[in-house]
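No experiment lies behind these values; they were computed from the predicted model shown.
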Amino acid sequence: MGLIDQLAGQLLGGKELPDGLVQSLSGLLEQQGGISGLVEKFQNGGLADIVQSWVGTGDNLPVSSEQIEAVLGGDAIGSVAEKLGVNPGDAAAKISEYLPQIINQLTPNGEVPEGSGNLLSAGLDMLKGKLFG
C-alpha cells in the first residue's frame with residue numbers, strides 16, 4: 001500500500017481502499033477544481049443536499065453510481081475506470097462508495113477548506129494537525 005493509500009486509510013478510520021482508488025479520486029478532484037469545484041458541480045447537477053451532507057457535520061447522504069455518472073460525466077468516470085482497470089460502471093460504484101467519506105474527512109469543520117484543489121495536500125495537512133496538534 002502506497003503513502004496516499006495509507007493516508008486515506010487513516011483518514012477513513014483504517015479502511016483499506018481498492019488499489020489506485022485514492023490516486024484516481026485525487027486526480028478527479030483536481031480535474032473538477034478541488035473540493036469547492038466538485039461541490040459546485042454537484043450543486044449544479046441538482047444534488048446540493050447530498051454534497052452538502054458530505055461537507056457538513058451530520059450523516060452523509062448516499063449517492064448512486066448513476067448520480068455520480070450524471071454529475072461527473074462519462075469522460076471523468078472512464079478515466080478513473082482506466083486507471084483502476086475496471087469497467088466504468090464499477091468505477092462509478094467505487095466513487096459513489098468512497099467519495100462521500102473522503103469529502104467528509106477533508107471538511108471536518110463543515111466547510112470547504114481554502115486551497116482544496118489538491119487532495120493529497122489537504123489530507124497531509126489534516127494528518128499533520130492530528131499528529132502535531
message: L38 vs V51, test: side-chain contact (heavy atoms from CB on, under 4.5 Å). Steps then yes/no.
response: CA-CA 9 Å; L38 186 76; V51 76; 5.7 Å; no
Steps toward side-chain contact (heavy atoms from CB on, under 4.5 Å) verdict (S65, I95): CA-CA 7 Å; S65 55; I95 294 168; over 6 Å; no
- prompt: Does the side-chain contact (heavy atoms from CB on, under 4.5 Å) test come out yes or no for I103 and L29, once each step is laid out?
  reply: CA-CA 10 Å; I103 298 299; L29 276 173; 4.1 Å; yes
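Distance alone, capped at 3.5 Å, is enough to place a donor-acceptor pair between the T107 side chain and the V55 backbone. Under a 3.5 Å cut-off, the side chain of Q105 and the backbone N or O of I102 do not form any donor-acceptor pair. Using modelled atom types, no side-chain atom of N109 and backbone atom of E111 make a donor-acceptor pair closer than 3.5 Å.
The minimum heavy-atom distance linking Q52 with G110 is given by the pair NE2-O, 4.5 Å. When all heavy atoms of A76 and Q32 are compared, the closest pair comes out as CB-NE2, 4.2 Å. In terms of heavy atoms, K41 sits closest to V71 at CE-O, 3.1 Å. Taking each heavy atom of A91 and V80 in turn, the nearest pair found is CB-CG1, 4.1 Å. The two residues S36 and V112 make their nearest non-hydrogen contact at N-CG1, 3.7 Å.
Other residues, nucleotides and ligands contribute more than 12 heavy atoms inside 6.0 Å of the CG atom of N44.
Residue pairs that meet the ring pair (Phe, Tyr, Trp, His ring centres under 6.0 Å) test with at least one member in residues 25-44, sequence neighbours left out, are F42-W54.
Under the side-chain hydrogen bond (donor to acceptor under 3.5 Å, both in side chains) criterion, E69 pairs with no residue at all, not counting sequence neighbours.
Here the CG atom belonging to L28 is positioned 8.0 Å from the NZ atom belonging to K83, to the nearest 0.5 angstrom. Atom CD1 of I77 and atom CG of L72 lie 5.0 Å apart (nearest 0.5 Å). With rounding to the nearest 0.5 Å, the separation of CD in E30 from CG in L25 is 11.5 Å. Interatomic distance, CD1 of I50 versus CD of Q67, reported as 4.0 Å (0.5 Å rounding). The OG atom of S96 sits 8.5 Å away from the CD atom of E66 when rounded to the nearest 0.5 Å.
Using a 4.5 Å heavy-atom cutoff, the side chains of V63 and L99 are not in contact. The shortest distance between side-chain heavy atoms of L47 and Q43 does not fall below 4.5 Å. Between D59 and S53 there is no side-chain heavy-atom pair separated by less than 4.5 Å.
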